[in-house]
Amino acid sequence: MTLTYADLTDSERRQLGHAVHEAGHAVAATIFGGRIERAELEPARTTYAHVPAERWAEITFAGPWASARYAAGGPPSSMHLRAAMAEHQSDAHALTAAGDYRPREVPRHLSTCWGGVIALARRIYVEGSAGHEDVLAALQLPTDRGDDLGVELASIRAGSWPVSILRPAEGDAWRLHPMPS
């Protein structure tokens, strides 16, 4: 028997919501060129190995935005965003201090790879945590190239993800192919 969202208790749904929130932070950090150490469910937090300093507002906003989208079941309204900010006060305070309460790029980027956010949230919910390799796998990014993911991350930021990058034979040009559905 397969469990569905409807089979979850209210407590389990809240826990899944926390996993989505942390997945939002982790995916945004990766999209913007950072690296997480761990996204954890208990306590709900994401720790970072490296984050570009100029991207803290986006990475911070990504958690509440993911929570709001999860609660809304689709693109969140202002009401959903306010509720997510009220629930995640530390993120709201950090965004206020940064002077950028709603970074504009986050909704587009997380919407582009929402399936990856949900895949990572599922991993965090089931396993209790996830690492950087899990973020890469959820985003269908190669896990064997270290931080050499510039083309793929640029594709996500451009809104053309998921794609697979094929390494060319000697002398061939790079080719982008849509991922199979």
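When reading the values below, keep in mind they use all heavy atoms of this one structure, side chains included, and skip hydrogens, waters and symmetry mates.
- When E22, H25, E40 are each tested for a side chain to side chain donor-acceptor pair (under 3.5 Å) with R45, only one passes: E40.
- Here the straight-line distance linking atom OG of S11 with atom CZ of R13 works out to 11.0 Å at 0.5 Å rounding.
- Taking the six-membered ring where the residue is Trp, H21 and H88 present parallel rings, their angle staying beneath 30° rather than reaching 60°.
- The existence of a salt bridge linking E87 and R14 is excluded, since no basic side-chain nitrogen approaches an acidic carboxylate oxygen closer than 4.0 Å.
- The hydrophobic clustering, which links ILVMFWY residues whose side-chain heavy atoms are closer than 4.5 Å, places V126 and L16 together.
- The shortest heavy-atom contact between I156 and T112 is O-CG2, 3.9 Å.
- Residue Y48 holds its OH atom at 11.0 Å from CD of E37, rounded to the nearest 0.5 Å.
- No side-chain donor-acceptor contact under 3.5 Å links R122 to the backbone of A19.
- Counting only heavy atoms from C-beta outward, the side chains of W65 and V117 never approach each other to under 4.5 Å.
- Shown here for D134 and G131, the closest heavy-atom pair between the two residues is OD2-N, 2.8 Å.
- Between M85 and A92, the shortest heavy-atom distance links the atoms O-CB, 3.8 Å.
- Ring-centre distance between F32 and H109: below the 6.0 Å cut-off.
- Tested against V51 for a side-chain contact (heavy atoms from CB on, under 4.5 Å), the candidates T30, I36, I59 yield a single pass: I59.
- In terms of hydrophobic clustering, with Ile, Leu, Val, Met, Phe, Trp and Tyr side chains grouped at heavy-atom distances under 4.5 Å, Y70 and M79 are assigned to different clusters.
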Next on the checklist: Assess the residue pair C113 and Q140 against the criterion (side-chain contact (heavy atoms from CB on, under 4.5 Å)); give the C-alpha distance rounded to whole Å, side-chain angles, the decisive distance to 0.1 Å, and a yes or no.
Outcome noted: CA-CA 10 Å; C113 53; Q140 300 176 18; over 6 Å; no
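- E127 places no side-chain N or O within donor-acceptor distance of the main-chain N or O of I124, the cut-off being under 3.5 Å.
- A pairwise comparison of heavy atoms in S67 and G17 identifies OG-O, 4.2 Å as the closest pair.
- For the pair R55 and E105, the minimum side-chain heavy-atom distance is below 4.5 Å.
- Judged purely by distance below 3.5 Å, without hydrogens or angles, the side chains of H93 and S90 never pair a donor atom with an acceptor atom.
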Next on the checklist: side-chain contact (heavy atoms from CB on, under 4.5 Å), that's the test. Do E42 and Q15 meet it? Break it down for me.
Outcome noted: CA-CA 9 Å; E42 289 293 330; Q15 286 292 93; 3.0 Å; yes
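- Between the side chain of R38 and the backbone N or O of T46 there is no donor-acceptor pair closer than 3.5 Å.
- Minimum heavy-atom separation, A62 to G24: CB-O, 3.3 Å.
- To the nearest 0.5 Å, atom CG of residue L139 and atom CD of residue E152 are 11.0 Å apart.
- When every heavy atom of A23 is checked against every heavy atom of A121, the shortest pair comes out as CB-N, 3.7 Å.
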Item to check | Step-by-step side-chain contact (heavy atoms from CB on, under 4.5 Å) determination, L81 to F61 | outcome: CA-CA 10 Å; L81 285 170; F61 182 60; 4.2 Å; yes
